[in-house]
Enquirer: 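Dropping the structure in here first, questions after.
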Amino acid sequence: MSITNEDVNAISKDAVVVVVGLGKIGLPLAVQYAQHGHRVIGCDTNPQVVSAVNKGKSHILEEPLLEEGVADVVACGLLSATSDTAEAVRQARIVVVIVPVAVNARHEIVFDNIDRATEAIGAGLQPGTLVIYETTLPVGATSGRLARQLERHSRLTAGRDFLLAFSPERVSSGSIFRDLRLYPKVVGGIDKRSTVAAVAFYRSVLDAEIITMASADDAEFVKLIETTYRDVNIALANELAHYADAHGLDTMAAIAAANSQPYSHIHTPGVGVGGHCIPVYPYFLLAGDLPQPVLTLPRSARAINDAMAEYAVQRVEAITGSLAGRAVLMLGVSYRGDVRETAFTSARLLQDALLAHGASVYVDDPLFEEAELRAEGYIPYGRDKSGPYGCDKSGSHETREEICAIILQANHRAYQSFDFSQFPHCKVVLDGRMALDRQKIEALGMRYVCIGRPDMDGQVVQGGEK
């Protein structure tokens with residue numbers, strides 16, 4: 001049965017919406033749609049997530065307004081959850097997919113999760129349904145790979161029997177509901193009717209501006225441009241920081257002055273780039289056989305940003321001497337300050353660089369339990385009863401006196417009151433996020449180092465030597 005124009009016009013009215021993937025973004029989206037009057041069925045492969053949502057509880061505790069939002073819409077009967085995606089899709093007029101696609105250690109795209117989700121959606125897909133992918137994808141994935149999978153498992157034809165569109169999520173953890181209000185929604189379908197239906201749906205659940213693209217491919221391209229721009233921009237800032245370090249200049253003062261001109265928008269240098277997006281999605285652009293010299297700048301930017309961990313360790317060794325056999329404390333394993341998430345965190349690269357230099361690496365992160373840190377492959381620095389950042393003598397923990405260097409990797413608010421005085425033999429604190437109080441650290445007799453900012457004595461750093 002082919003979709004009529006009347007079907008397209010009515011598709012968002014009082015429709016049951018299925019959200020596939022109830023993670024950090026999927027669950028807030030489900031709440032957003034339910035708050036705008038849709039009955040929403042959330043699907044997730046984790047039975048604990050499903051059980052929690054059906055009890056009106058959020059398994060994500062760091063997102064403002066989410067816990068109360070889940071409780072309210074579940075109590076009103078507007079949100080439920082299931083692990084049976086195919087059955088949920090059979091009841092839906094609209095399916096929104098937010099299942100992660102990532103890259104592996106070889107920077108190859110891993111489609112496994114979204115392939116399985118798409119297979120389940122196809123098994124339950126009914127004629128007249130609108131399917132929207134919000135997961136960031138390589139260009140052509142919606143209209144190609146995923147469309148073919150949906151058609152194969154449903155025996156329906158995309159564009160004729162069901163509608164298909166792409167609309168990238170553009171939100172950040174910790175501000176999702178705000179971002180849904182403020183950021184324009186980019187939408188592109190595989191054909192005109194798919195685009196019209198997707199736009200109508202988003203107008204029913206969002207107050208933000210809708211930007212319509214010519215195709216799903218164009219909409220996919222938009223998200224990759226956004227994230228790659230940020231990666232390239234940060235790489236430029238890091239290159240400028242290298243230059244500043246070599247000449248005793250203050251990168252941040254210079255960047256702030258440069259950015260006072262309205263066409264300059266330079267970002268901030270640091271010890272690395274982490275998260276689900278920025279270090280991952282440039283590889284979506286770089287996938288496949290590209291004619292040279294296409295996209296050489298994003299490729300170089302990825303290498304520059306990943307190399308900042310090694311550069312930071314070299315800066316530390318310029319002060320401490322060889323780190324072989326010595327203990328270093330890393331503050332924060334999250335990819336971003338005050339976000340309880342380690343996806344592609346630069347803490348991993350920093351730890352690898354320290355280990356390659358022979359250091360013993362210990363970590364602290366107040367957002368994680370010690371068992372969680374160990375499960376992630378870190379050695380937690382013990383916390384004693386006297387305060388959150390102490391160290392006990394149990395197990396394999398080093399004593400405070402053995403720490404020779406401290407590196408701030410994640411700018412958690414808790415580190416603003418960190419007691420550096422408990423490390424009497426620490427020679428240097430490297431502020432990887434330009435977030436600490438330099439005077440307080442130097443008052444303790446420790447060297448304060450910040451990538452892209454000169455030492456207080458104005459000496460020039462050349463090749464790791466002063």
Side-chain angles (χ1 to χ4, degrees), residues 24-25 100-103 107 109 134-139 166-176 178-180 182-186 208 211 213 218-243 251-252 254-256 258-259 261-287 294-309 311-312 332 334-339 341-350 409-411 432-435 451-452:
K24 289 180 175 291
I25 297 174
V101 173
V103 296
H107 304 145
I109 302 173
E134 288 215 6
T135 301
T136 303
L137 295 168
V139 171
F166 179 80
S167 180
E169 57 83 8
R170 308 179 79 195
V171 298
S172 297
S173 294
S175 59
I176 289 178
R178 182 206 67 179
D179 296 346
L180 288 172
L182 296 180
Y183 298 161
K185 193 69 172 128
V186 175
I211 297 176
M213 305 303 295
D218 287 280
E220 290 164 338
F221 191 34
V222 169
K223 180 59 183 282
L224 301 184
I225 288 174
E226 290 177 14
T227 51
T228 303
Y229 160 77
R230 294 169 67 191
D231 199 40
V232 170
N233 194 314
I234 294 168
L236 174 60
N238 283 329
E239 290 276 82
L240 295 174
H242 279 247
Y243 182 90
T251 313
M252 289 311 297
I255 287 176
N259 285 351
Q261 205 275 355
Y263 300 107
S264 181
H265 308 282
I266 306 301
H267 290 357
T268 304
V271 291
V273 178
H276 296 277
C277 301
I278 300 177
V280 176
Y281 298 147
Y283 292 116
F284 288 16
L285 276 177
L286 299 171
V294 172
L295 295 176
T296 57
L297 185 57
R299 198 182 307 274
S300 297
R302 280 281 72 242
I304 290 167
N305 289 335
D306 282 352
M308 290 306 292
Y311 180 69
S334 297
Y335 78 82
R336 180 158 62 89
D338 296 319
V339 172
E341 176 62 68
T342 60
F344 296 92
T345 173
S346 55
R348 188 74 63 192
L349 295 175
L350 193 54
Q409 192 283 140
N411 180 22
R433 302 301 177 192
M434 299 188 181
I451 292 169

Enquirer: Would you say that His242 contacts Met308 through its side chain, given a criterion of any heavy-atom pair below 4.5 Å between the two side chains?
Expert: yes
Enquirer: Do the charged groups of Lys24 and Glu169 touch, with an N to O distance under 4.0 Å?
Expert: no
Enquirer: Heavy-atom distance under 4.5 Å between the side chains of Ser175 and Leu182, does that happen here?
Expert: no
Enquirer: Going by heavy atoms in the side chains, are Thr227 and Phe284 under 4.5 Å from each other?
Expert: no
Enquirer: As an exercise, state the distance from CZ of Arg299 to CG of Leu285, rounded to the nearest 0.5 Å.
Expert: 10.5 Å
Enquirer: In Å and rounded to the nearest 0.5 Å, what is the CD1 to OH distance from Ile304 to Tyr311?
Expert: 13.0 Å
Enquirer: How many angstroms lie between CD1 in Ile451 and CZ in Arg433, if you round to the nearest 0.5 Å?
Expert: 8.5 Å
Enquirer: Which heavy atom of Tyr183 sits nearest a heavy atom of Arg170, and at what distance?
Expert: CD1-O, 3.0 Å
Enquirer: Can any side-chain N or O of Arg336 pair as donor or acceptor with the backbone N or O of Ala410 at less than 3.5 Å?
Expert: no
Enquirer: Can you give me the closest heavy-atom contact between Met434 and Pro269, atom names plus distance?
Expert: CE-CG, 3.6 Å
Enquirer: Of Glu134, Lys223, Lys185, which meets side-chain hydrogen bond (donor to acceptor under 3.5 Å, both in side chains) against Ser167?
Expert: Lys185
Enquirer: For residues 229-237, tabulate all N or O donor-acceptor pairs below 3.5 Å that involve a side-chain atom, not counting sequence neighbours.
Expert:
| from | atom 1 | to | atom 2 | distance (Å) |
| --- | --- | --- | --- | --- |
| Tyr229 | OH | Asn233 | ND2 | 3.0 |
| Asp231 | OD1 | Arg302 | NH2 | 3.0 |
| Asp231 | OD1 | Asn305 | ND2 | 2.8 |
| Asp231 | OD2 | Arg302 | NE | 2.7 |
| Asn233 | OD1 | His267 | N | 2.7 |
| Asn233 | ND2 | His265 | O | 2.9 |

Enquirer: Check whether any side-chain heavy atom of Glu226 lies under 4.5 Å from a side-chain heavy atom of Pro168, and answer yes or no.
Expert: no
Enquirer: Taking all heavy atoms of Ser334 and all of Thr345, pick out the closest pair and write down the distance.
Expert: O-OG1, 3.4 Å
Enquirer: Quick check: closest heavy atoms across Gly275 and Val280, and the distance to 0.1 Å?
Expert: O-CG2, 4.0 Å
Enquirer: Above 12 or not: heavy atoms from other molecules or residues under 6.0 Å from CZ of Phe221?
Expert: no
Enquirer: Run the side-chain contact (heavy atoms from CB on, under 4.5 Å) check on Thr136 and Cys277 step by step: do they pass?
Expert: CA-CA 9 Å; Thr136 303; Cys277 301; 5.7 Å; no
Enquirer: State, to 0.1 Å, how close Val103 and Tyr283 come at their nearest heavy-atom pair, and which atoms those are.
Expert: CG1-CB, 4.0 Å
Enquirer: Tell me whether Asn411 contacts the main-chain N or O of Gly337 through its side chain, where contact means a donor paired with an acceptor under 3.5 Å.
Expert: no
Enquirer: With a 4.5 Å limit on heavy-atom distance, are the side chains of Ile25 and Val171 in contact?
Expert: yes
Enquirer: If you look at every heavy atom in Ala312 and Val271, which pair is closest and at what distance?
Expert: CB-CG1, 3.9 Å
